[in-house]
Protein chains: 2
Amino acid sequence: MTEDVRSAAAPTLEDVARAAGVSRATVSRVVNGVRNVDPAIQEAVRQAVAATGYTPNRAARSLVTRRADAIALVVSGAAADDAMEEAGPSPSGRENGAGEGQGRDDGGGVDDEDGETDGGSVSFTARVSADPFFGRVVTGVVNHLRPRGMYPMLMFAGTARARDEVVSYIRQGNTDGALVVSAHAEDPLPSLLTEAGLSAVLYGRPTRPVRISYVDLAQRDGARLAAERLLERGCRRIVTITGPLEAPVGQDRLTGFRETLARRGRPDAPAVEGRFSQESGEVAMARLLAEHPDLDGVFAANDLMAVGACHVLREHGRRVPEDVAVIGFDDNGVAAACRPPLTTVRQPVEEMAGAMVDLLLERLARPSLPVTSVIYEPTLVVRDSA
Amino acid sequence: MTEDVRSAAAPTLEDVARAAGVSRATVSRVVNGVRNVDPAIQEAVRQAVAATGYTPNRAARSLVTRRADAIALVVSGAAADDAMEEAGPSPSGRENGAGEGQGRDDGGGVDDEDGETDGGSVSFTARVSADPFFGRVVTGVVNHLRPRGMYPMLMFAGTARARDEVVSYIRQGNTDGALVVSAHAEDPLPSLLTEAGLSAVLYGRPTRPVRISYVDLAQRDGARLAAERLLERGCRRIVTITGPLEAPVGQDRLTGFRETLARRGRPDAPAVEGRFSQESGEVAMARLLAEHPDLDGVFAANDLMAVGACHVLREHGRRVPEDVAVIGFDDNGVAAACRPPLTTVRQPVEEMAGAMVDLLLERLARPSLPVTSVIYEPTLVVRDSA
DNA sequence: TTGAAAGCGCTAACAT
DNA sequence: ATGTTAGCGCTTTCAA
């Protein structure tokens, strides 16, 4: 289809204009789809574009439009404290690996500060690669952006330093907006972004009500689905491993779960807080087992913790699902890979990530648009564990 | 520290020049660290920069330097065939999910082509989020780039179409170079990139010898480590689950393993080919168990397959490591999370990804630099499975 | 509806 | 060692 000659220097508007016998301005109008161009000329220009193999120079365009034509995808995480001020413990459980090497390289040197040794970043980075959830968000965004000819600039904001750099990078106009997925509650990034007047869309309801668009799942409905399934199976002694309770997801999944149980006359399901990691799920399960040896149903607030729970249950001689039914949340790859395959609440992460893209792009196209939120419905995926 | 007034419009070189009482050119020189600037003036300019809160406008800079000051991180995958020409089977086992929905949306429309339904992209995307390996490469790159004030543009090239778009995007100068990690052998991307005269660095030796820089692990040494460990434990009947044999990693890990065994008088260790997915590891293990019921040692070419093997072994009543010792490869998070925790060959993925960044950046700084490769040494991480 | 011209902010000759 | 100047390729008034 493209059999043209493509010489060394990339063709410019000028070249196309000459080939079409019109002015640069007209070519620009055609290329940008601006009205008021004679159809005949329009066609001629299109031909010239094809013949020359013209593609707009983004730098030149950005220079005048003041748009970067790029967006940021930031995986955010650490709370206000980190690298430099690791001291104060956060409200709830802390990530174990955090805190080595802090305070290193404060000089602001631009050299050799690697994530592997960067204070506070270790556990953040580890969690991000360990939980398939983040990978799903990223692939969802990338795949949805691709047909639009765009690729996201990927950023991690795992430390206060990294976060500030990200914010100023975006403020400087290097991207037109940001998609952010937080690995932590109390993430100051959303506020920083909106305060700076930048367009952003979140994955998940922000902890504090900040005026920002977001895409979320009807978390409580998901938890309800899990509770009902456990109830239907005839579980009598149901417990739950929650997510971090300072985060909205953690709270919502717990309350949705408890509400359903309470409505069926089973208030006060025992709960132990986890941190969404497999290990925290194991610890929580062990504790629940010790305190409630007669338990026969477990709802873990994500798949990773459910997998950890299964491991511990088996080590304690309990069969899943015969002795204890287990339900996870997310429906990540680990759920299907688990033994037994996990019954879980599915969150259409990739789709939701795509919705984030749409929301942001619409907002950028029409900044006057109001802040919006889109809520997806979860579904129960029944496999073997419950 | 910054207590200046920051008005609406971003300060330009002009503003700084005025503030410092010099010309734009001088400011530019200072900002870009060009020699031949009087130290006193240099200092004055620096002050002015700080006072005004100046940051270079990248679009303007790119326009004249013809550098994008950005790099691509592409996770590549599918071979020449896909979306449009799914017909011919590849040399060895095919990814199972591949091939639904092919031929859809050929019209070249720029709308609504999502990865989830895009032919050939399904299994690719799934594999990418399922294998923590890719996440590690990505985090390694992002973390290493951050101190340099750069963020990679993330791209997936899972179909021929996507690959072409990626190549032309880069050719158009939207990024200065590319970091590529292939999920498939026979990936045409490296060749396409070099043929187009673009700078690129690969993760892993390319299938065919193409003149391109890469970072790799001494795969055979890693396999040797695994073989020796199994031998030391006194395993008598050792088998292996290989990676895809059309890929260099698959080959190298197998030959390194067999060579070591042969040198100890144990040629012909039974091998079954896997595809690096947990499921393929399960299938392979089941087959090996059927054909060699007396096996007592397994080397899986990656952790995911090792986990699958452990599942199957347990289901067949074999205890790990008492009855059968299992060793994986990579040392991803799943290795430590496995029950029992997996003894495995560690690949310092994040570090290696950092090395890719260095290689590419050096190359961009001095294009005359020769093509290089950096090889890392693997280490054996002993846990419980062997 | 189309063209002419100005200028976005920066770097890189070239002059001084 | 510093300043002057000429664009880089594009969009966007403003005229015609």
Side-chain angles (χ1 to χ4, degrees), chain A residues 6-46 48-49 52-70 149 171-174 176 364-365, chain B residues 6-46 48-49 52-70 149 171-174 176 364-365:
Chain A
R6 207 163 299 194
S7 48
T12 71
L13 265 195
E14 185 72 50
D15 300 318
V16 179
R18 201 172 321 126
V22 297
S23 72
R24 292 206 308 267
T26 299
V27 179
S28 175
R29 289 183 186 109
V30 173
V31 169
N32 294 300
V34 177
R35 298 171 308 278
N36 301 344
V37 179
D38 186 295
I41 293 195
Q42 223 168 107
E43 186 48 32
V45 169
R46 251 181 261 292
V49 166
T52 53
Y54 171 78
T55 348
N57 177 313
R58 308 184 91 181
R61 179 179 279 177
S62 287
L63 183 55
V64 41
T65 61
R66 297 174 167 293
R67 282 182 293 103
D69 206 16
R171 287 189 57 147
Q172 286 168 212
N174 292 306
D176 298 320
L364 294 178
Chain B
R6 208 164 297 194
S7 49
T12 71
L13 264 195
E14 185 72 51
D15 299 320
V16 180
R18 200 172 321 125
V22 297
S23 73
R24 289 207 310 266
T26 299
V27 179
S28 175
R29 289 184 186 108
V30 173
V31 169
N32 293 300
V34 177
R35 297 171 307 279
N36 301 343
V37 179
D38 185 296
I41 294 196
Q42 224 169 107
E43 186 48 32
V45 170
R46 250 182 260 294
V49 166
T52 53
Y54 170 78
T55 349
N57 178 314
R58 307 184 94 186
R61 178 179 280 177
S62 288
L63 184 55
V64 45
T65 60
R66 295 169 170 296
R67 281 182 293 102
D69 207 15
R171 287 189 57 149
Q172 285 168 213
N174 292 306
D176 299 320
L364 294 177

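Residue numbers begin at 1 in each chain, while the letters A, B, ... track the order of the sequences.
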N/O donor to acceptor pairs below 3.5 angstrom from side-chain atoms of residues 33-42 of chain A, sequence neighbours left out:
{"residue": "Asp38(A)", "atom": "OD1", "partner": "Ala40(A)", "partner atom": "N", "Å": "2.7"}
{"residue": "Gln42(A)", "atom": "OE1", "partner": "Arg46(A)", "partner atom": "NH2", "Å": "2.9"}
{"residue": "Gln42(A)", "atom": "NE2", "partner": "Val37(A)", "partner atom": "O", "Å": "2.9"}

Under 3.5 Å donor-acceptor pairs involving side-chain atoms of residues 23-30 of chain A, not counting sequence neighbours:
{"residue": "Ser23(A)", "atom": "OG", "partner": "Ala25(A)", "partner atom": "N", "Å": "3.4"}
{"residue": "Ser23(A)", "atom": "OG", "partner": "Thr26(A)", "partner atom": "N", "Å": "3.4"}
{"residue": "Ser23(A)", "atom": "OG", "partner": "Thr26(A)", "partner atom": "OG1", "Å": "3.3"}
{"residue": "Arg24(A)", "atom": "NH1", "partner": "Glu14(A)", "partner atom": "OE1", "Å": "3.2"}
{"residue": "Ser28(A)", "atom": "OG", "partner": "Asn32(A)", "partner atom": "ND2", "Å": "3.3"}

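Side-chain atoms of Ser62(A) come within 3.5 Å of backbone atoms of Arg67(A) as a donor-acceptor pair (strictly under, hydrogens ignored).
The side-chain hydrogen bond (donor to acceptor under 3.5 Å, both in side chains) test applied to Gln172(A) returns no partner, not counting sequence neighbours. For Asp176(B), the salt bridge (Lys or Arg N to Asp or Glu O under 4.0 Å) test picks out no residue, with sequence neighbours left out. In this structure Ala19(A) satisfies the side chain to side chain contact (heavy atoms under 4.5 Å, CB included) test together with Ala48(A), Thr52(A), sequence neighbours excluded.
Counting only residues at least two apart or in different chains, salt bridge (Lys or Arg N to Asp or Glu O under 4.0 Å) contacts with residues 56-66 of chain A comprise Arg58(A)-Asp69(A).
Residue-to-nucleotide proximity on DNA chain C shows that, of Ser23(A) and Pro56(B), the 5′-proximal contact is made by Ser23(A). Mapping Gly21(B) and Leu63(B) onto DNA chain D by nearest heavy atom places Gly21(B) closer to the 5' end of the strand.
Scanning both residues, Tyr54(B) and Thr12(B), for their nearest heavy atoms gives CE1-C, 3.6 Å. Closest heavy-atom contact between Ala68(B) and Asn174(B): CB-O, 3.3 Å. Annotation for Val16(B) and Val45(B): closest pair CG1-O, 4.3 Å, computed over non-hydrogen atoms.
Atom pair Arg61(B):CZ and dG9(D):C1' shows a separation of 18 Å (rounding to whole Å applied). If you measure from atom CG of Leu13(A) to atom P of dT12(D), you get 12 Å, rounded to the nearest angstrom. dC10(D) atom P lies 10 Å from atom CZ of Arg66(B), rounded to whole Å.
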Output a table of nitrogen or oxygen pairs between the protein and nucleotides 5-7 of chain D separated by less than 3.5 Å.
{"residue": "dA6(D)", "atom": "N6", "partner": "Arg24(B)", "partner atom": "NH2", "Å": "3.2"}

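Contacts between residues 26-33 of chain B and DNA chain C, defined by a heavy-atom separation under 4.0 Å, are made by Ser28(B), Arg29(B), Asn32(B). Residues of residues 35-43 of chain B having a heavy atom closer than 4.0 Å to DNA chain C: none are found.
If one axis is set at each end of the helix from dT1(C)-dA16(D) to dT16(C)-dA1(D) from five pairs, those axes are 40° apart, to 10°.
Protein chain A contacts DNA chain C from dT1(C) to dG9(C), reading 5' to 3' and using non-hydrogen atoms of the protein with a distance under 4.0 Å.
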